[in-house]
Amino acid sequence: MVSRLGVGGRLVPFFKCVCVYFLALGAGGDGSPSPGAVAAKCAPVLCLLLVVVLHVAATPSHKAWYARWVAVGLALSMLGDALLVWPQHFVAGMAAFGSAHVAYLAAFGFEQLSWRVGLGLYAATTAYLSCVSPPAGLRVLVPAYAWLLATMTWRGTAKSHKAAVGSLLFLVSDAFLGYSLFGGPVPYKQVLVMSTYYLGQLGIALSALEASA
């Protein structure tokens, strides 16, 4: 898939940064808030952002609108990654990721409607929300974020294969994270959350390169 798009070389830094992140995690990184933790966590998404931005710069403007919105979503996701390193910025991090989903929605659009997929995702979201118990201050924000994420995923599944895979993996990543915070323990939480997250962002970034190719 990567080689067919001719972007394999440009994605090498992304894969290296992902490896560094998980190697640091396996070496005993405890996730304590620090500038180093921010750099390690954000580096893979920064690499994807740079690839998409360079692609936008080399693409005629009328063909680059999709990639531009994806770039905005990646930048906002990176901001969310940085904020979530510090627990006291959880709401701000959620807002950043919510804004990223809005940017991805702007890219995916609403031209092709598959109501069956949408209803399935909303039903799954409803069932998921019945399994988590956020604190009082988040009882509105968490469901609102979940519905927005489900909508983004629905539209991603209608856009392209890579956008579908990417958005679904993003949904799975946040489902792991949300349950670990508000439901119960999740074995290997960090590995599950971050592996699906990075692969999800990769899928969405690849869809941007493909859309304007």
Side-chain angles (χ1 to χ4, degrees), residues 1-56 67 69-87 89-90 93-94 96-97 99-101 103-104 107 149 152-153 156 160-181 186-211:
M1 177 177 68
V2 171
S3 60
R4 286 202 304 272
L5 288 170
V7 297
R10 284 176 283 169
L11 288 173
V12 168
F14 164 77
F15 290 114
K16 286 184 175 180
C17 287
V18 170
C19 290
V20 168
Y21 174 83
F22 284 110
L23 284 172
L25 189 66
D30 59 3
S32 298
S34 69
V38 171
K41 189 180 182 185
C42 293
V45 178
L46 175 60
C47 292
L48 293 177
L49 174 60
L50 292 174
V51 170
V52 174
V53 166
L54 289 172
H55 184 74
V56 168
W69 277 116
V70 169
V72 172
L74 288 168
L76 288 166
S77 295
M78 194 167 60
L79 174 62
D81 282 332
L83 289 167
L84 290 180
V85 169
W86 285 274
H89 298 315
F90 180 81
M94 183 186 296
F97 274 111
S99 299
H101 297 324
Y104 289 148
L149 175 58
M152 185 277 290
T153 305
S160 70
H161 175 71
K162 294 174 183 64
V165 172
S167 58
L168 283 167
L169 284 170
F170 206 141
L171 179 98
V172 170
S173 174
D174 274 4
F176 282 134
L177 177 60
Y179 190 83
S180 73
L181 293 172
V186 175
Y188 308 107
K189 178 193 82 170
Q190 201 69 6
V191 172
L192 290 172
V193 170
M194 297 309 295
S195 60
T196 50
Y197 171 68
Y198 287 140
L199 288 172
Q201 294 284 30
L202 174 62
I204 293 172
L206 286 175
S207 76
L209 305 183
E210 179 185 60

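Position 1 is the first residue of the sequence; numbering continues from there. On a predicted model such as this, the values are computed, not experimentally measured, just so you know.
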To the nearest 0.5 Å, what is the distance between [atom1] on [X] and [atom2] on [Y]?
{"X": "L202", "Y": "L74", "atom1": "CG", "atom2": "CG", "answer": "10.0 Å"}
{"X": "D174", "Y": "L169", "atom1": "CG", "atom2": "CG", "answer": "11.5 Å"}
{"X": "L171", "Y": "M152", "atom1": "CG", "atom2": "CE", "answer": "7.5 Å"}
{"X": "M94", "Y": "H89", "atom1": "CE", "atom2": "NE2", "answer": "14.5 Å"}
{"X": "Q190", "Y": "F22", "atom1": "CD", "atom2": "CZ", "answer": "8.0 Å"}
{"X": "M194", "Y": "L199", "atom1": "CE", "atom2": "CG", "answer": "11.0 Å"}

For residues [X] and [Y], report the shortest heavy-atom separation together with the two atoms involved.
{"X": "L192", "Y": "P187", "result": "CD1-O, 3.3 Å"}
{"X": "L209", "Y": "V52", "result": "CD2-CA, 4.3 Å"}
{"X": "V70", "Y": "Y104", "result": "O-CE2, 3.7 Å"}
{"X": "C17", "Y": "C47", "result": "SG-SG, 3.7 Å"}
{"X": "A71", "Y": "V53", "result": "CB-CG2, 4.3 Å"}

If we only count heavy atoms from C-beta on, is the [X] to [Y] side-chain gap below 4.5 Å?
{"X": "L206", "Y": "L11", "answer": "yes"}
{"X": "V18", "Y": "F15", "answer": "no"}
{"X": "H161", "Y": "E210", "answer": "no"}
{"X": "L177", "Y": "S180", "answer": "yes"}
{"X": "F170", "Y": "I204", "answer": "yes"}

Of all residues at least two apart in sequence or in a different chain, which pass the ring pair (Phe, Tyr, Trp, His ring centres under 6.0 Å) check with Y198? Y21

Applying ring pair (Phe, Tyr, Trp, His ring centres under 6.0 Å), can you list everything that pairs with F176, at least two apart in sequence or on another chain? none

Show me, pair by pair, the donor-acceptor contacts under 3.5 angstrom made by side chains of residues 76-85, not counting sequence neighbours?
residue : atom : partner : partner atom : Å
S77     : OG   : G73     : O            : 2.8
S77     : OG   : Q201    : NE2          : 3.0
D81     : OD1  : Y197    : OH           : 3.3
D81     : OD2  : Y197    : OH           : 2.8

For L149, is there any backbone N or O sitting under 3.5 Å from a side-chain donor or acceptor partner on T153? yes

